[in-house]
Protein chains: 2
Amino acid sequence: MALGEFELIDRFFRPAGAERPDVVLGIGDDGALLRPPPGFDLVAVTDMLNEGVHFPVGCAPESIGHRALAVNLSDVAAMGGTPAWALLALALPSSDEAWLAGFGAGFARLARAHDVALVGGDTTRGPLSVTVQVLGFVPQGQGLRRSGGQPGDVLFVSGWPGEAAAGLALELRGQGRDTAMETRLRQRFLFPTPRLELGRALLGVASACLDVSDGLLGDLGKLAAASGCGALLELEDLPLSAELLAHAGGARATELALAGGDDYELCFAVPPGRLAAWEALRSASGFVAQRIGRLQPGHGVELRRAGVPERFAHRGFDHFPH
Amino acid sequence: MALGEFELIDRFFRPAGAERPDVVLGIGDDGALLRPPPGFDLVAVTDMLNEGVHFPVGCAPESIGHRALAVNLSDVAAMGGTPAWALLALALPSSDEAWLAGFGAGFARLARAHDVALVGGDTTRGPLSVTVQVLGFVPQGQGLRRSGGQPGDVLFVSGWPGEAAAGLALELRGQGRDTAMETRLRQRFLFPTPRLELGRALLGVASACLDVSDGLLGDLGKLAAASGCGALLELEDLPLSAELLAHAGGARATELALAGGDDYELCFAVPPGRLAAWEALRSASGFVAQRIGRLQPGHGVELRRAGVPERFAHRGFDHFPH
């Protein structure tokens with residue numbers, strides 16, 4: 001039996017997040033009433049995922065639920081924030097209960113892992129599209145921005161950029177008998193990990209930070225531009241996982257890492273005077289992040305391999321390319 | 001020339017709202033940094049509008065920009081809140097500059113009228129769909145809910161329900177040489193007025209409140225159910241505008257007012273002991289709101305005309321009807 005809009009919200013979305021004492025009033029009224037803690041700024045982010053654009057037609061609903069939240073948590077991480085509350089706007093062609101159960105489960109698992117309450121939303125009929133808004137906190141005046149970098153600051157990227165893009169290519173190829181390596185790559189697209197602990201650790205350490213969602217090269221260019229300088233990216237230092245190298249080969253792995261998108265890793269700058277603090281943090285917490293270059297005077301991103309300039313055509317993802 | 005995603009955001013969305021000193025960091029980073037005032041709860045709402053569902057294909061972009069914000073402001077009004085910040089997620093089939101200019105103008109005019117800053121968003125490619133989130137404030141612990149009503153509380157509705165539904169029918173009929181009356185009805189669909197001043201005035205006065213978006217009858221039923229009681233709606237007291245009556249006739253006007261949707265008026269309950277306070281407020285501020293019945297023991301909405309029970313089939317809008 002098809003569910004009505006209101007039963008659907010009751011069944012799948014009321015239980016889809018953590019319970020938090022700062023939610024004065026959650027799902028089910030015209031809006032939510034929330035109590036922000038004193039001494040913090042609010043971090044507010046939103047991201048939309050559309051079928052056929054951000055995920056392939058037929059993508060597993062658990063992945064869509066996870067990613068719709070993860071991409072927003074990644075934005076909160078990039079500001080150094082701690083997420084608290086989410087709102088969900090979902091357009092569905094029909095009320096398919098199996099799909100909704102999968103979507104809700106994927107969303108809920110990630111929400112609970114990060115103590116995020118789902119406090120409201122809107123469910124409408126339309127082509128499959130998911131917009132999530134996440135609100136979080138950061139100590140007043142300390143939120144990380146893209147714009148605080150200076151020439152000389154050392155650049156890092158977390159994790160293994162390019163793996164998600166290789167995973168998306170596997171998804172687009174369709175289901176099949178994956179090798180263990182292919183399964184890992186596919187999971188990196190389907191279930192990205194927002195780097196919230198790392199983002200929080202970077203408060204007071206990084207001078208600039210963003211999340212890599214449209215490709216490292218393009219996103220690093222945005223960080224450099226916002227900081228009013230250029231960047232040098234040393235290709236021999238690009239972290240390419242053994243799986244990505246084995247799957248794609250060196251040249252294609254580099255392309256995927258530079259322009260592939262969907263990584264949801266953090267790219268950040270650390271001033272030379274804070275490198276020791278960062279290294280202490282990294283070894284204490286086991287963060288995976290690789291030094292990839294530095295900010296420099298000028299503008300744009302300069303690529304070098306062992307000191308020799310290289311050119312690269314792709315500049316990252318744009319929904320409305322020229 | 002088609003605009004890229006990032007130019008599009010710069011051109012149309014950076015200027016699309018008010019400037020506010022509590023916006024620490026606005027559009028252009030991974031997220032916004034916002035400074036909530038102490039002593040207030042946050043009101044958080046979201047609503048999604050999809051082409052062909054919430055507005056007709058080919059609807060004027062100024063109207064879509066206005067309505068995407070207005071329906072959210074109406075939810076804030078229903079909680080007694082004062083809006084402050086908005087986020088906008090927009091899916092577009094292509095970057096049509098004329099459309100974007102119209103959309104941005106419609107959004108910006110309403111945002112500035114209510115001192116709402118556009119602090120972030122996401123612009124993607126996809127079937128035309130707009131999701132807005134609005135954040136606002138209400139004095140701590142005082143937010144209006146649907147659930148506070150008691151049997152005996154007197155029910156009111158603001159404005160002229162049914163006009164927007166008549167206006168939508170005109171829109172669906174297409175452009176034509178409207179009479180002045182038709183123009184008014186059409187405008188009521190295209191450019192609804194969120195009842196923010198009224199919502200704020202109801203703090204400490206109304207026991208329960210919601211906004212009428214899916215039809216008065218269904219929405220009143222939600223208020224009664226949330227309040228754990230029933231409602232009596234006296235049809236002879238239903239406010240039907242002269243324009244609606246002349247355009248649609250009495251029987252159809254009643255149908256439109258009860259089940260038409262898109263009104264974005266407020267329906268609220270006032271305890272008998274606060275009626276004098278409400279009447280004083282109303283006459284001082286010139287609020288247009290009509291007494292339409294009362295909450296009563298039991299459940300469901302009972303309709304009467306001059307004391308005689310009536311039946312009515314439509315129960316309001318559901319995106320996934322059984």
Side-chain angles (χ1 to χ4, degrees), chain A residues 1-6 8 24-25 28-36 38 41-48 50 52-54 75-76 78-79 81 85 87 89 91 94-95 119-127 129 131 133 135 138 140-141 143 145-147 210-211 226 318-322, chain B residues 1-6 8 24-25 28-36 38 41-48 50 52-54 75-76 78-79 81 85 87 89 91 94-95 119-127 129 131 133 135 138 140-141 143 145-147 210-211 226 318-322:
Chain A
M1 191 191 74
L3 289 173
E5 179 182 356
F6 307 104
L8 179 161
V24 180
L25 181 67
D29 212 296
D30 289 283
L33 293 170
L34 309 167
R35 192 153 297 169
D41 285 333
L42 209 59
V43 179
V45 305
T46 189
D47 265 313
M48 174 187 257
N50 301 328
V53 179
H54 301 90
D75 283 326
V76 173
M79 318 285 294
W85 308 307
L87 295 143
S94 67
S95 68
V119 298
D122 191 18
T123 309
T124 65
R125 192 165 49 77
S129 172
T131 299
Q133 176 200 28
L135 300 171
V138 68
Q140 220 172 67
R145 308 169 179 219
R146 301 176 175 183
S147 58
L210 50 49
D211 83 322
D318 182 331
H319 276 285
F320 302 104
H322 295 262
Chain B
M1 191 192 73
L3 290 172
E5 178 182 355
F6 306 103
L8 179 161
V24 179
L25 180 66
D29 212 297
D30 290 284
L33 293 170
L34 308 167
R35 192 152 297 170
D41 286 332
L42 209 59
V43 179
V45 305
T46 188
D47 266 311
M48 173 187 257
N50 301 326
V53 178
H54 301 90
D75 283 327
V76 173
M79 318 285 293
W85 308 307
L87 294 141
S94 67
S95 68
V119 298
D122 191 18
T123 309
T124 65
R125 191 166 48 78
S129 172
T131 299
Q133 297 99 359
L135 299 170
V138 68
Q140 221 172 66
R145 306 169 180 221
R146 300 177 175 184
S147 58
L210 51 49
D211 83 320
D318 182 331
H319 276 284
F320 301 102
H322 294 264

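A note on names: the letters A, B, ... follow the listed sequences, proteins ahead of strands, and every chain is numbered from 1. Just so we're clear, the structure is a prediction, and the values are computed from it rather than from any experiment.
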J.: Search all heavy atoms of A:Asp122 against all heavy atoms of B:Met48 and return the closest pair with its distance.
T.: OD2-N, 2.8 Å
J.: Quick test of your reading of the model: are B:Arg146 and A:Asp29 salt-bridged, counting only N-O distances below 4.0 Å?
T.: yes
J.: Within a strict 4.5 Å, meaning less than it, do heavy atoms of the B:Leu33 and A:Arg145 side chains meet?
T.: yes
J.: Let me know if B:Met79 has heavy atoms under 4.5 Å from chain A in its side chain, its backbone, both or neither.
T.: side chain
J.: Relative to chain B, which segment of A:Val24 carries a heavy atom at a distance below 4.5 Å: side chain, backbone, both, or neither?
T.: both
J.: Sort B:Ala32 into side chain, backbone, both or neither according to what part of it lies under 4.5 angstrom from a heavy atom of chain A.
T.: both
J.: Highest number of heavy-atom pairs under 4.5 Å with chain A: which of B:Gly120, B:Pro36, B:Ser129?
T.: B:Pro36
J.: Chain B: which of A:Leu42, A:Leu210, A:Asp211 shares the most heavy-atom pairs with it under 4.5 Å?
T.: A:Leu42
J.: For the interface with chain A, which of B:Thr46, B:Val138, B:Val45, B:Val43 has the highest count of heavy-atom pairs at distances below 4.5 Å?
T.: B:Thr46
J.: Work out which heavy atom in B:Arg35 is nearest to a heavy atom in A:Gly141; give both atom names and the distance.
T.: NH2-N, 3.4 Å
J.: Which answer fits B:Pro38, side chain, backbone, both or neither, if we ask what part of it has an atom under 4.5 Å from a heavy atom of chain A?
T.: neither
J.: Is there side-chain contact between A:Leu87 and A:Val119, with at least one heavy-atom pair below 4.5 Å?
T.: yes
J.: I want to check something: taking the side chain as every heavy atom from C-beta on, are B:Leu135 and A:Gln133 in contact at a cut-off of under 4.5 Å?
T.: yes
J.: Taking side chain as everything from C-beta outward and backbone as N, CA, C, O, which of these in A:Ala226 sits under 4.5 Å from a heavy atom of chain B? Side chain, backbone, both or neither.
T.: neither
J.: Need one label for B:Val76: side chain, backbone, both or neither, based on atoms under 4.5 Å from any heavy atom in chain A.
T.: neither
J.: Taking it one step at a time, do A:Asn50 and B:Thr124 satisfy side chain to side chain donor-acceptor pair (under 3.5 Å)?
T.: CA-CA 8 Å; A:Asn50 301 328; B:Thr124 65; 2.8 Å; yes
J.: So which of A:Ser147, A:Gly121, A:Gly81 has the largest heavy-atom pair count under 4.5 angstrom toward chain B?
T.: A:Gly121
